[in-house]
Amino acid sequence: MQSRYKQQWIKALAEERQSLIDREVFKVVDKLPPGAKLLELKVVYKQKKNSQGQIVRFKCRCTAKGYSQIEFVHFYDTFALVAARSYVCTVITYAHGHGMQMRHLDVKTAFLYPKLREELYMRMPEGITAYDGE
């Protein structure tokens with residue numbers, strides 16, 4: 001990796017690895033079961049900036065390359081928890097009208113909580129090892 005932010009990206013990748021381990025998202029297997037397909041994956045790197053445009057956080061996420069997945073083989077449905085703008089406006093209006101206080105909540109690893117029905121096999125991304133020191 002060549003970047004002036006190399007150390008920050010390495011730290012972000014280590015945080016991603018640790019969150020995957022903490023949530024027991026994966027387990028290491030020695031070989032694929034018969035008929036299983038090894039999915040390719042991609043590490044997505046993103047800088048989070050504040051309102052002044054200054055970098056405040058480096059984030060990375062390991063994600064399967066969607067085009068290598070087959071519906072009803074690797075997944076059954078897709079879902080992205082995103083609130084519609086009209087819903088957000090309604091909640092804010094309701095809270096304001098009733099003198100309520102609101103707080104913002106960002107669930108850092110929300111996508112890791114649902115249980116999958118499918119078994120997926122992916123190659124470990126470069127920079128993430130299965131075990132410490134490996």
Side-chain angles (χ1 to χ4, degrees):
M1 173 187 299
Q2 292 184 3
S3 169
R4 69 183 199 178
Y5 301 115
K6 180 178 179 178
Q7 292 307 312
Q8 289 91 336
W9 291 126
I10 290 171
K11 182 179 180 227
L13 192 57
E15 288 173 2
E16 172 71 353
R17 175 187 178 270
Q18 192 57 51
S19 89
L20 295 172
I21 290 169
D22 292 347
R23 304 283 182 279
E24 298 178 356
V25 172
F26 71 90
K27 67 179 180 181
V28 178
V29 295
D30 294 325
K31 63 181 183 175
L32 290 176
K37 179 183 176 190
L38 186 64
L39 297 175
E40 295 299 320
L41 67 87
K42 176 180 182 177
V43 180
V44 178
Y45 296 93
K46 184 174 184 179
Q47 296 175 346
K48 298 293 256 182
K49 297 181 180 182
N50 62 18
S51 58
Q52 290 80 34
Q54 299 166 322
I55 301 169
V56 293
R57 186 160 176 240
F58 291 82
K59 288 178 62 174
C60 75
R61 291 285 177 255
C62 295
T63 173
K65 292 183 178 178
Y67 57 82
S68 67
Q69 298 178 354
I70 301 168
E71 188 173 14
F72 303 116
V73 174
H74 301 114
F75 66 93
Y76 292 97
D77 27 59
T78 58
F79 179 76
L81 184 59
V82 178
R85 186 173 190 269
S86 60
Y87 175 75
V88 173
C89 289
T90 301
V91 169
I92 291 171
T93 302
Y94 180 86
H96 179 73
H98 289 81
M100 301 169 128
Q101 291 185 356
M102 293 189 67
R103 294 196 178 151
H104 174 261
L105 174 66
D106 184 15
V107 180
K108 187 175 175 181
T109 55
F111 68 96
L112 297 178
Y113 289 95
K115 297 288 184 198
L116 293 176
R117 292 180 281 174
E118 310 85 3
E119 281 196 13
L120 303 176
Y121 297 90
M122 296 179 9
R123 187 179 320 277
M124 294 292 284
E126 185 178 326
I128 292 186
T129 56
Y131 304 104
D132 286 330
E134 184 179 299

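- Residues meeting the side chain to side chain contact (heavy atoms under 4.5 Å, CB included) test with Pro34, sequence neighbours left out: none.
- For Gln7, the side chain to side chain contact (heavy atoms under 4.5 Å, CB included) partners are Ile10, not counting sequence neighbours.
- Under the rule for a side chain to side chain contact (heavy atoms under 4.5 Å, CB included), Gln101 has no partner lying at least two apart in sequence or in another chain.
- For Gln8, the side chain to side chain contact (heavy atoms under 4.5 Å, CB included) test picks out Tyr5, Phe58, with sequence neighbours left out.
- Counting Ile, Leu, Val, Met, Phe, Trp and Tyr side chains that sit under 4.5 Å apart, directly or through other members, Val44 stands alone, with no cluster partners.
- Note: Cys60 SG to Leu13 CG = 4.5 Å, rounded to the nearest 0.5 Å.
- Side-chain heavy-atom separations under 4.5 angstrom define the hydrophobic clusters, and the remaining members of the one that includes Val91 are Tyr87, Val88, Ile92, Met102.
- Checked against salt bridge (Lys or Arg N to Asp or Glu O under 4.0 Å), Lys11 has the following partners two or more places apart in sequence or in another chain: Glu15.
- Trp9 and Lys59 make their closest contact through CZ3-O, 3.5 Å (heavy atoms, listed as atom of the first residue, atom of the second, distance).
- Shortest non-hydrogen contact noted between Lys49 and Gly53 is CD-O, 3.6 Å.
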